[in-house]
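Notes follow once the structure below has been shown.
By convention in this document, chain letters (A, B, ...) are assigned in the order of the sequence lines, proteins followed by strands, and residues within each chain are numbered from 1.
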Protein chains: 2
Amino acid sequence: MAASTRFCVAVHILAALALQRGKPVASEAIAASVGTNPAVVRRLLSDLARAGLTRSQLGKGGGAMLARAPKKISLLEVYRAMDEPAIVAPPRSTADQTCLVGRNVQPALRRVTDAAEAAFFEKLAGANLKQIVKDIKADDMAA
Amino acid sequence: MAASTRFCVAVHILAALALQRGKPVASEAIAASVGTNPAVVRRLLSDLARAGLTRSQLGKGGGAMLARAPKKISLLEVYRAMDEPAIVAPPRSTADQTCLVGRNVQPALRRVTDAAEAAFFEKLAGANLKQIVKDIKADDMAA
DNA sequence: GCAAACCGTAATAGAATTAGTTACATAAAT
DNA sequence: ATTTATGTAACTAATTCTATTACGGTTTGC
């Protein structure tokens, strides 16, 4: 199964907000930068707001903005806000419980995959939105 | 996106083979343990064989067996054999290249996600099939 | 040699997930 | 009031997995 692209789009959105330094940005403007539909952006913003990472101002002149300084927003928080399913998913079919392997493989395997996922999350926890914004600027200068 | 369940099924298959210690196991027997169709198992075995982890004996009395000792089969090899897509997938839509963020977010983000995926893989590399089999037996005793 | 058991692979169908679109009620600003 | 935006629901389209069916090819054992 493929990984969700929602996380990448969410980071794109947040980076765009960070560059506006608190000025409300309309979902339509963000959607133009991402290359998608405004409603898709609003749906993601809804998730981000629920996670406390952004807030929106309704009405004319409104839009989304960061709820905190970019430095205080870790990429793990963004990932979590997306409610992604586990990286390694157990089979949908149910294994034969009368079989030694069928009864016990998945729990045994999960110990390993849980540790692997934890390592993945730790790396995301170590990165924050400010770094991304900094890299965006630096890369653009270099190009 | 969600993660593929193929990896978990592959480990199930390999664990079942390991417990038979070299005796060929028919895809139908494995399928019964996993709770799926024999053709699904054969397809996965085909991938595992291509990766050099198993081999199959054709004809009557044939079946699949491990190509190496369980201790020499790391879970990372199994994962790689499945040809899973990247854990973090970039958006399908193309970002606006005239926008500072649109031009540069994804490469900047990828540096972080590549490091996170590498950490994930390292953990899988540190586990092998023998440990899984051992845990299967131990868990069953404990239950 | 022939039948039986089994693999390998292709083709197709069915399920489930995800992204995209449209629509509209609500809220703030001027 | 009117305009501009959000938030959310409902629906459609696209994609991706998994499951199933089918069949040609291989080995074993009589």
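- Using a 4.0 Å cut-off, no side-chain N or O of A/Thr36 falls inside it from OP1 or OP2 of C/dA19.
- When rounded to the nearest whole Å, the span between CE of B/Met65 and C1' of D/dT27 equals 12 Å.
- To the nearest 0.5 Å, atoms NZ (A/Lys137) and CD1 (A/Ile132) are separated by 13.0 Å.
- In this structure, the CD1 atom of A/Ile30 is 15 Å from the C1' atom of D/dT4, given to the nearest Å.
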Quiz: residues 57-68 of chain B side-chain donor-acceptor pairs under 3.5 angstrom, not counting sequence neighbours:
unit_1: B/Arg68; atom_1: NH1; unit_2: B/Lys72; atom_2: O; d: 2.7
unit_1: B/Arg68; atom_1: NH1; unit_2: B/Glu77; atom_2: OE1; d: 3.2
unit_1: B/Arg68; atom_1: NH1; unit_2: B/Glu77; atom_2: OE2; d: 3.1
unit_1: B/Arg68; atom_1: NH2; unit_2: B/Glu77; atom_2: OE2; d: 2.9

Exercise for the section: List the protein contact pattern of nucleotides 5-14 of chain C with one symbol per nucleotide (5' to 3'): B for base contact, S for sugar-phosphate-only contact, - for none; contact means a heavy-atom distance under 4.0 Å. Expected result: BBSBB-B---
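- Put simply, CG on A/Asn37 is 12 Å from P on C/dA23, counting in whole angstrom units.
- For B/Phe121, the ring pair (Phe, Tyr, Trp, His ring centres under 6.0 Å) partners are B/Tyr79, not counting sequence neighbours.
- With B/Val78 as reference, B/Val11 is the one residue of B/Leu124, B/Asn128, B/Leu129, B/Val11 to meet the side chain to side chain contact (heavy atoms under 4.5 Å, CB included) rule.
- Residues that satisfy the salt bridge (Lys or Arg N to Asp or Glu O under 4.0 Å) test with A/Asp139, not counting sequence neighbours, are B/Arg111.
- Shown here are the side chain to side chain donor-acceptor pair (under 3.5 Å) partners of B/Asp47, two or more places apart in sequence or in another chain: B/Arg6, B/Arg50.
- Remark: A/Asp114 engages no residue in a side chain to side chain donor-acceptor pair (under 3.5 Å) (not counting sequence neighbours).
- Residue B/Thr5 places at least one side-chain N or O closer than 4.0 Å to OP1 or OP2 of D/dT18.
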Compile the donor-acceptor pairs under 3.5 Å between side chains in residues 28-46 of chain A and protein atoms, sequence neighbours left out, one pair per line.
unit_1: A/Ser33; atom_1: OG; unit_2: A/His12; atom_2: NE2; d: 2.8
unit_1: A/Asn37; atom_1: OD1; unit_2: A/Ala39; atom_2: N; d: 3.0
unit_1: A/Arg42; atom_1: NH1; unit_2: A/Ser27; atom_2: OG; d: 3.1

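- Contacts between residues 9-23 of chain A and DNA chain C, defined by a heavy-atom separation under 4.0 Å, are absent.
- Rounded to an integer number of Å, the gap from CZ of B/Arg92 to C1' of C/dG20 is 11 Å.
- What separates CZ of A/Arg6 from P of C/dT17 is a distance of 14 Å, to the nearest Å.
- Distance A/Leu44 CG to D/dT6 P: 14 Å, rounded to the nearest Å.
- By the salt bridge (Lys or Arg N to Asp or Glu O under 4.0 Å) test, B/Asp140 pairs with A/Arg103, sequence neighbours left out.
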